[in-house]
Amino acid sequence: KNQVEQSPQSLIILEGKNCTLQCNYTVSPFSNLRWYKQDTGRGPVSLTIMTFSENTKSNGRYTATLDADTKQSSLHITASQLSDSASYICVVSGRDMRFGAGTRLTVKP
Amino acid sequence: DAGITQSPRYKITETGRQVTLMCHQTWSHSYMFWYRQDLGHGLRLIYYSAAADITDKGEVPDGYVVSRSKTENFPLTLESATRSQTSVYFCASRGLADEQYFGPGTRLTVT
């Protein structure tokens with residue numbers, strides 16, 4: 001079983017709508033959690049990083065939350081744009097880095 | 001150009017052939033990594049390197065060989081390619097705050 005589980009696997013939304021992606025992890029010990037955005041045909045690019053003591057971090061229209069007690073994180077995208085269409089990958093670092101399989105987001109006009 | 005580059009971007013090879021994927025970074029980062037990305041799986045670590053001449057196995061090292069004679073280069077070699085090695089390969093280097101910077105990827109098809 002993967003130590004980092006993401007849901008949903010894929011999501012389709014209309015431009016301008018909000019959405020929330022989920023990440024549950026069992027990685028222990030925990031160091032930090034990152035969300036990456038991966039455009040088709042490109043490498044992943046970091047959006048946010050959160051450590052144990054941080055609950056929320058924003059990067060423009062992206063807001064990540066972390067509940068270290070329940071080992072859950074979410075990535076909320078506000079007022080989606082066509083350029084948000086990508087895969088979003090949750091990565092949890094402990095002794096090593098563990099990658100989720102990603103959520104494929106499609107934003108339609 | 002600054003950053004991390006990979007070559008080739010696309011490669012088709014036959015079963016049993018040796019293939020080398022190249023990775024080059026201009027930041028002089030100490031740590032470099034090779035991952036493979038397959039549908040339904042997260043990125044999986046193949047090998048990593050902490051510095052020139054220091055390499056170590058990751059999660060899925062079988063069938064792969066790496067070397068790192070210079071800090072900026074980290075080639076990955078498939079000694080005898082198999083169909084199960086068809087994948088997208090990403091090289092990464094690690095900078096400040098442990099952030100990893102990924103290359104654009106190499107899509108490898110083994111026929």
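Just so we're on the same page: letters track the sequence lines, and every chain starts at 1.
Classification of the A:Y62-A:Y88 ring pair by plane angle, with boundaries at 30° and 60°, yields tilted.
The candidate from B:Y101, B:F33, B:Y35, B:Y48 with the greatest count of non-hydrogen atom pairs under 4.5 Å with chain A is B:Y35. Of the listed residues A:A101, A:P44, A:G43, the one with more heavy-atom pairs under 4.5 angstrom with chain B than any other is A:P44. Counting heavy-atom pairs closer than 4.5 Å to chain B, the top residue among A:G100, A:S93, A:G102 is A:G100.
Side-chain N/O atoms of A:T78 and A:N18 include no donor and acceptor closer than 3.5 Å. Counted by atom type alone, A:T20 and A:H76 present one or more donor-acceptor pairs between their side chains at under 3.5 Å.
The two residues A:I49 and A:E54 have their closest heavy-atom pair at O-OE1, 3.9 Å.
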Where do A:I13 and A:L105 land on the side-chain contact (heavy atoms from CB on, under 4.5 Å) test, with the steps shown first? CA-CA 8 Å; A:I13 62 173; A:L105 174 66; 4.0 Å; yes
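For chain A, the nearby part of B:E59 is the side chain; its heavy atoms alone come within less than 4.5 Å. With a 4.5 angstrom heavy-atom cutoff, A:Q38 touches chain B only via side-chain atoms. Residue A:R42 touches chain B through its backbone alone, counting heavy-atom pairs closer than 4.5 Å. For B:R9, the part sitting under 4.5 Å from any heavy atom of chain A is the side chain, from C-beta outward, and nothing else.
For the pair B:D62 and B:K57, the salt-bridge criterion is not met [side-chain N within less than 4.0 Å of a carboxylate O].
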